[in-house]
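Since the structure is predicted, the reported quantities are computational estimates derived from the model, not experimental observations.
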Amino acid sequence: MKLNYKRTVLVGFAFFLICAFWQVYDVTIAMTLTNKFGLSQTASGVVMALDNILALFMLPLFGGISDRHKGKSGRRTPFIRTGTILAVVFLMLLSLADNAQLSKIERYSKINDPATMEMIYDEQKDTVLQTPEGVSFKLADIYTREDFAKLTTDSKTTEINQFGREVEVNLYTRHVVPARQACAAAVTSAEPLALILFLGVLLALLVSMATFRTPAVALMPDVTLKPLRSKANAVINLMGNAGGIIVLGIGSVLAISKVKNAYMSYTGVYAVVGFIMLAALVIFLLKVKEPAWAGQMQSESIALGLDKEDDAPAAGQKKKLSKGEFHSLIFLLSSIVLWFFGYNAVTSKYTVYAQNVLDKDATTTLLLANVAAIIAYLPVGMVASKIGRKKTILAGIVMLFTAFFVGCFMTASSPSWLMTAMFILAGVAWATINVNSFPMVVEMCTGADVGKYTGYYYTASMAAQSLTPTISGMFMDNVAMTSLFPYASIFVGLAFFTMLMVKHGDAKPDSKKSLDAFDTDD
């Protein structure tokens, strides 16, 4: 019993294009909302959570609809095809709304221009602003007009932090960036049409993505034998990270997250990402033979005794969980909620955090995390086949907690190698968790319910992702920007204890070469 890696890679092109989109979404949307529209961290968190709120309803819905869909191209392919094309169209329309706002705030967008700095000072000198650390201030109490105009992105000073250590502080991100954002907010308040257009197109874009995310993910268990799904999920996630890393590489080359490019147009970036998505879709449509592959998997599964004939999708047989399985499913979904609460808080807010607290390039750091995850995916899948999915996930939780806990103490003066090491560890940890959690969920269902149980998985993850950007944003606004990593550490730590309570959904370690080694009953 061996995994067909070529077939799995081809199926993974659907996840590749999905992750390429979400990477550019995570990197650009938060900065657009705060830098160009002047929204607070809380308000931007609400907007960033829109996709997750939609997903709570749409992902289970379309998972169930695709379970019941019958067509020549299969149960999942039609959703992937239509959803991708619509998403690319709306992504390009989103850049038009972004450019409309840029044209309105052009007078504030000249970084390091003394005349622009004087204009910002005149408009915001008496406004109560807030530093990234959560300290309120007025420009007039700190700078004269002439001194403020001399500040550049390289204007730094040193001060003693709460731990008695001398740290380097970027005065531009501390004082100029909040003033610039206040100017953008004033423009948005006076002329809100661009924001309304942006949010409308963004909503349509997110709906398009939601229609095919569950079908795309459900396709992997449709064509993969149960004992091989951790390894297959490793390949699928590897493909997803490959899509993300390509987009991060583009962002790193263009220095998207640099302060100097806070007001750049994203039209070119979105066009490149749209092309990547369409190219991946073409490969998927030309190479993936969903009905034939799904039928072959069902025949092999019945022949090997892994499933009964009644478990095939065509039979429409639904599985009723035992009491123990039901409890395990609840604890597993709770664990998914908790670790996504921690992880997504960091991924959705890190570009802003890196600019304002660490004075570092977020895209390079995130790129390293993705590279680490890509390297780890296949080994992690193999480890899970030896020691079991649950133990592998618990090890991943410990690693992720360690990475975020170290992040609590990082400042702009911390050595770059430490931040690099932290994100590499986080990337490996997330790969370890991600590869094995989804197979544990779908392990408990029949072939007729794969889309439904995939919906359960995404309902849990999206419930967390719909809330955590807003809640973490509230902490960053009202407590301090530096509350991000303590917040993430707490939730990841709690996931360890709920995961200990999961007793079902694991695959027995592959200690034998006989068929018994692949017995997935608990």
Side-chain angles (χ1 to χ4, degrees), residues 2-27 59 74 76-77 79-81 83-84 87-88 209 212-225 228-251 272-290 293-294 297 343 347 366-385 396 427-439 442 450 454 457-458 461:
K2 294 183 179 180
L3 179 66
N4 188 323
Y5 282 95
K6 179 180 178 181
R7 179 177 296 184
T8 308
V9 167
L10 292 172
V11 169
F13 271 101
F15 199 55
F16 173 95
L17 68 89
I18 289 172
C19 290
F21 168 81
W22 288 117
Q23 194 64 70
V24 76
Y25 175 88
D26 286 338
V27 170
L59 296 191
R76 322 295 183 185
T77 299
F79 296 90
I80 297 169
R81 178 178 57 240
T84 301
V88 172
M209 292 299 300
F212 74 97
R213 195 187 316 186
T214 304
V217 175
L219 183 56
M220 181 277 288
D222 280 349
V223 300
T224 308
L225 295 170
L228 303 176
R229 286 175 182 172
S230 282
K231 290 181 180 179
N233 204 36
V235 176
I236 296 297
N237 278 276
L238 191 152
M239 290 294 293
N241 272 68
I245 205 169
I246 289 172
V247 173
L248 276 175
I250 294 168
V272 171
V273 172
F275 174 79
I276 291 171
M277 292 173 67
L278 291 176
L281 176 64
V282 169
I283 295 172
F284 177 88
L285 294 176
L286 290 176
K287 297 294 184 178
V288 173
K289 312 300 180 184
E290 181 190 339
W293 294 357
M297 188 282 293
Y343 184 77
T347 57
L366 292 171
L367 184 64
L368 291 170
N370 276 271
V371 170
I374 284 178
I375 294 172
Y377 277 130
L378 290 178
V380 163
M382 295 175 185
V383 168
S385 71
V428 173
W430 191 244
T432 304
I433 295 169
N434 225 22
V435 161
N436 295 291
S437 53
F438 173 62
V442 295
V450 168
T454 302
Y457 172 84
Y458 273 114
S461 63

Minimal non-hydrogen separation, T8 against N4, with atom names | OG1-O, 2.8 Å
Which atom pair, heavy atoms only, marks the closest approach of L17 to L281?
-> CD2-N, 3.9 Å
V247 side chain reached by W22 side chain, heavy atoms, under 4.5 Å | no
If you take all heavy atoms of N436 and A384, which pair is closest and at what distance?
-> OD1-CB, 3.0 Å
Answer whether the closest heavy-atom distance between the side chains of Y343 and I433 falls below 4.5 Å.
-> no
Can you name the closest pair of heavy atoms from A429 and G396 and give their distance?
-> CB-O, 3.3 Å
Can you measure from CE (M220) to CE (M297) and round to the nearest 0.5 angstrom?
-> 10.5 Å
Find the distance between OG1 (T77) and CZ (F284) and round it off to the nearest 0.5 Å.
-> 4.0 Å
Counting N and O atoms only, with roles assigned by atom type, does the side chain of N233 sit under 3.5 Å from a partner on the main chain of N434, one being a donor and the other an acceptor?
-> yes
A431 and A373 have their tightest heavy-atom pair at CB-O, 3.8 Å
Which distance, rounded to the nearest 0.5 Å, do you find between the NZ of K2 and the CG of L225?
-> 14.0 Å
Answer yes or no: are there more than 12 heavy-atom neighbours, outside F275 itself, under 6.0 Å from its atom CZ?
-> no
Is there side-chain contact between I246 and F16, with at least one heavy-atom pair below 4.5 Å?
-> yes
Quick check: does any side chain N or O of R229 sit under 3.5 Å from a backbone N or O of P221, one acting as donor and the other as acceptor?
-> yes
Distance col, row C19:SG vs N237:CG, nearest 0.5 angstrom, shows 7.5 Å
Which is it for L378 and V235 under the side-chain contact (heavy atoms from CB on, under 4.5 Å) test, yes or no, and what are the steps along the way?
-> CA-CA 7 Å; L378 290 178; V235 176; 3.7 Å; yes
Does some side-chain heavy atom of D222 sit less than 4.5 Å from a side-chain heavy atom of W293?
-> no
Heavy-atom closest pair (L238 atom, I374 atom, distance to 0.1 Å) is CD1-O, 3.8 Å
Is there a donor-acceptor pair closer than 3.5 Å between any side-chain N or O of E290 and the backbone N or O of L219?
-> no
Does the side chain of F438 reach to within under 4.5 Å of the side chain of T454, using non-hydrogen atoms?
-> yes
Would V11 and T224 count as a side-chain contact (heavy atoms from CB on, under 4.5 Å) if you check the C-alpha gap in whole Å, the side-chain angles of each, and the deciding distance to 0.1 Å?
-> CA-CA 11 Å; V11 169; T224 308; over 6 Å; no
pair F212-I18: side-chain heavy atoms closer than 4.5 Å | yes
For the atom pair CZ (F13) and CD1 (I283), what is the distance rounded to the nearest 0.5 Å?
-> 4.0 Å
What distance separates K287 NZ from K6 NZ, expressed to the nearest 0.5 Å?
-> 6.5 Å
